[in-house]
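Computed from a prediction, not measured in an experiment: that's the story for all the values here. Order of the sequence lines sets the chain letters (A, B, ...), proteins ahead of strands, with each chain counted from 1.
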There are 2 protein chains.
Amino acid sequence: MMLSAVMEDYIKAIYHLHKENEERVRTSEIADELDVTAPTVTSMLDKLEERNLIERKKYKGVSLTAHGKRVALEIIRHHRLLEAYLTEHLDYSWAEVHEEADRLEHHISDEFVTSIAAALDDPETDPHGDPIPNSTLELPDGGPGIALSEFEEDTIVIVEQVSDRDSEVLEYLADHEITPGTELTVREVAPFGMITVLAGDNDQPVSLPQHIAHHVRVATVEPAQVFY
Amino acid sequence: MMLSAVMEDYIKAIYHLHKENEERVRTSEIADELDVTAPTVTSMLDKLEERNLIERKKYKGVSLTAHGKRVALEIIRHHRLLEAYLTEHLDYSWAEVHEEADRLEHHISDEFVTSIAAALDDPETDPHGDPIPNSTLELPDGGPGIALSEFEEDTIVIVEQVSDRDSEVLEYLADHEITPGTELTVREVAPFGMITVLAGDNDQPVSLPQHIAHHVRVATVEPAQVFY
DNA sequence: TTTAGGGATTAGGGATGTCTAATTTAAGTA
DNA sequence: TACTTAAATTAGACATCCCTAATCCCTAAA
Ligand SMILES: [Mn+2]
Ligand SMILES: [Mn+2]
Ligand SMILES: [Mn+2]
Ligand SMILES: [Mn+2]
């Protein structure tokens with residue numbers, strides 16, 4: 001059963017939207033995500049249902065079947081391994097990789113995937129901190145972290161993952177050393193939600209509007225790791 | 001002007017057939033090369049002509065315009081750099097690279113091309129000995145070599161290039177050390193054209209039917225390089 | 001319980017790339 | 001020169017993926 005690149009993008013979009021919503025994914029959400037019109041989505045959903053990739057309640061939305069989930073995880077594995085490989089071995093900046101990976105993910109063979117995974121020593125996360133499904137498509141455990149926007153002043157946290165969607169934001173974050181692994185100290189939380197942090201070795205604090213801070217996911221530092 | 005992957009394959013096919021034939025390339029040749037029917041080719045030729053990629057005399061065949069040639073060389077650069085990169089950095093065998101490169105050549109960005117060219121230190125030939133157009137699309141000079149099938153007994157030659165089309169033949173040649181750079185001694189030329197050579201450090205002679213030997217291109221060894 | 005509004009689907013059409021069957025053309029042969 | 005035949009093109013169709021316009025369905029508010 002060969003899937004087109006377009007079908008794979010629909011499956012991946014449904015998977016990601018599913019994560020965010022828990023519930024069924026609606027036609028209009030998919031249309032927004034993929035920048036197509038609602039009727040286009042409806043007709044694609046017909047085809048995906050025929051192929052047993054999704055389950056559907058008409059007018060109510062869709063969810064992935066076990067088969068659909070496998071396809072999604074395979075594409076996501078491709079995407080994140082590509083991002084890691086481009087960053088590690090081909091000098092791509094942290095902010096540029098997403099677009100290239102989003103195209104190539106549909107066109108690489110199993111052999112290519114195996115080769116880059118081996119060259120990277122089977123990494124567990126991509127450059128943005130997102131988990132990479134292993135060769136049997138299981139996701140490494142470790143929760144999704146907590147949004148930076150949840151924290152109060154004077155908390156110390158470690159960045160686990162940043163959203164890889166907007167490359168301008170990504171560039172801003174990278175420039176200010178807000179990358180997976182960096183320790184952040186929350187300095188100020190403004191009433192309108194803007195959060196100001198001290199990042200890594202940087203002297204200058206960085207301010208992030210709430211909607212940006214929402215896409216930086218962090219872990220709290222264990223007491224044992226804080227040295228007074 | 002964005003070209004589809006399919007259009008790019010037509011342009012590349014026309015370029016390669018042009019090389020072999022010198023004359024105009026005919027519909028049926030393209031159909032054979034790309035494994036489609038003649039009417040399919042005709043309708044694609046209409047589109048390529050509209051886009052000024054080919055010149056055409058109806059019922060007589062086509063040739064590439066300057067613009068078409070540039071497109072062809074760009075795809076060929078992608079293809080051969082990919083082959084070199086997959087072989088050098090991702091452990092692909094000499095025989096497996098062609099298929100992967102034939103797909104990816106249409107989907108990589110300029111940035112990707114630049115990165116792999118840099119990682120390879122701007123190579124002049126691919127693993128099969130084919131010349132790689134440089135970043136301004138000029139082919140390095142150095143002729144196409146002479147077919148091994150042209151030589152007589154007791155000649156010493158160096159392999160310059162082998163056809164990368166048939167991966168089984170390629171595997172056979174690689175297994176017997178007939179690769180670009182290897183020195184060959186022609187041992188016997190049978191009346192029906194089969195040629196038997198001693199390759200590299202190998203003790204066992206290797207026999208190649210005429211049609212295979214025709215696709216191994218070699219250079220004669222300069223007198224100065226032969227040590228008595 | 002009816003109805004308005006918004007989201008989803010159906011209807012119909014366009015572009016791309018492929019096919020088979022029918023027709024036309026070129027070119028060699030008689 | 002006329003005929004034959006192989007190659008190329010035209011005609012018409014289908015699958016995929018997209019669109020706009022029209023219609024249908026669900027739900028929440030009156
Ligand atoms: Mn994609
Ligand atoms: Mn990522
Ligand atoms: Mn190709
Ligand atoms: Mn090659």
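Phosphate contact (OP1/OP2 of D:dT9, side-chain N/O of B:Thr27, threshold under 4.0 Å): present. For the pair B:Thr42 and D:dT10, the criterion of a side-chain N or O lying under 4.0 Å from OP1 or OP2 is not met. Considering only side-chain N and O atoms, B:Thr40 lies under 4.0 angstrom from the phosphate OP1 or OP2 of C:dC19. At least one side-chain nitrogen or oxygen of A:Thr37 sits closer than 4.0 Å to the OP1 or OP2 atom of D:dC19. Put simply, B:Ser28 has no side-chain N or O that comes within less than 4.0 Å of OP1 or OP2 on D:dA6. Residue A:Arg56 has a polar side-chain atom (N or O) positioned under 4.0 Å from OP1 or OP2 of C:dT9. In this structure, A:Lys58 does not reach the C:dG7 phosphate: none of its side-chain N or O atoms is under 4.0 Å from OP1 or OP2. Remark: B:Arg26 is not in phosphate contact with D:dA7, judged by side-chain N or O atoms under 4.0 Å from OP1 or OP2. Listed pair B:Ser4 / C:dG17 meets the phosphate criterion, a side-chain N or O lying under 4.0 Å from OP1 or OP2.
Counting heavy atoms from C-beta on, the side chains of B:Pro127 and B:Glu88 never come closer than 4.5 Å. Residues B:Leu104 and B:Phe112 are not in side-chain contact: their nearest non-hydrogen atoms beyond the backbone lie 4.5 Å or more apart. Looking at A:Pro180 and A:Trp94, their side chains come closer than 4.5 Å, going by heavy atoms from C-beta outward.
Residues A:Asp164 and A:His98 bring a donor and an acceptor atom of their side chains to less than 3.5 Å of each other. In summary, the side chains of A:His79 and A:Glu83 do present a donor paired with an acceptor at a separation below 3.5 Å, with no hydrogens or angles considered.
If you take CD1 of B:Ile54 and P of D:dA8, they are 13 Å apart, rounded to a whole angstrom. The distance from atom CG of A:Leu34 to atom P of D:dC19 is 10 Å, rounded to the nearest whole Å. What separates CD of A:Glu50 from C1' of D:dC17 is a distance of 15 Å, to the nearest Å. A:Leu3 has its CG atom 13 Å from the C1' atom of D:dT16, to the nearest Å. In this structure, B:Lys57 places its NZ atom 16 Å from C1' of C:dA27, rounding to the nearest Å. Note: CD (A:Glu29) to P (C:dG6) measures 18 Å, nearest angstrom. For B:Asp46 and D:dT10, the CG to P distance is 6 Å, given to the nearest whole Å. Straight-line distance from the CE atom of A:Met44 to the P atom of C:dA8: 17 Å, rounded to whole Å.
Checked against the 6.0 Å centroid criterion, the rings of A:His106 and A:His78 do not qualify as a close aromatic pair.
Of the candidates C:dA8, D:dT16, D:dC18, D:dT16 carries the atom nearest the A:Lys47 side chain, counting heavy atoms from C-beta on. The A:Ala38 side chain lies nearest to C:dT9 when the options are C:dA8, C:dA21, C:dT9. Here C:dC19 is the nucleotide among C:dC19, C:dT16, D:dC24 with the atom lying nearest to any side-chain atom of B:Val36. Minimum atom distance to the side chain of B:Val6 is reached by C:dG17, of the listed C:dG17, C:dT10, C:dA8.
Residue A:Ala5 is the one, among A:Ala5 and A:Tyr59, whose nearest nucleotide of DNA chain D lies closer to the 5' end (criterion: closest heavy atom). A residue-by-residue look at A:Tyr10 and A:Lys60 shows that A:Tyr10 has its nearest nucleotide of DNA chain D further toward the 5' end. Across the interface with DNA chain C, nearest-nucleotide mapping of B:Asp35 and B:Arg51 shows B:Arg51 to be the residue nearer the 5′ end.
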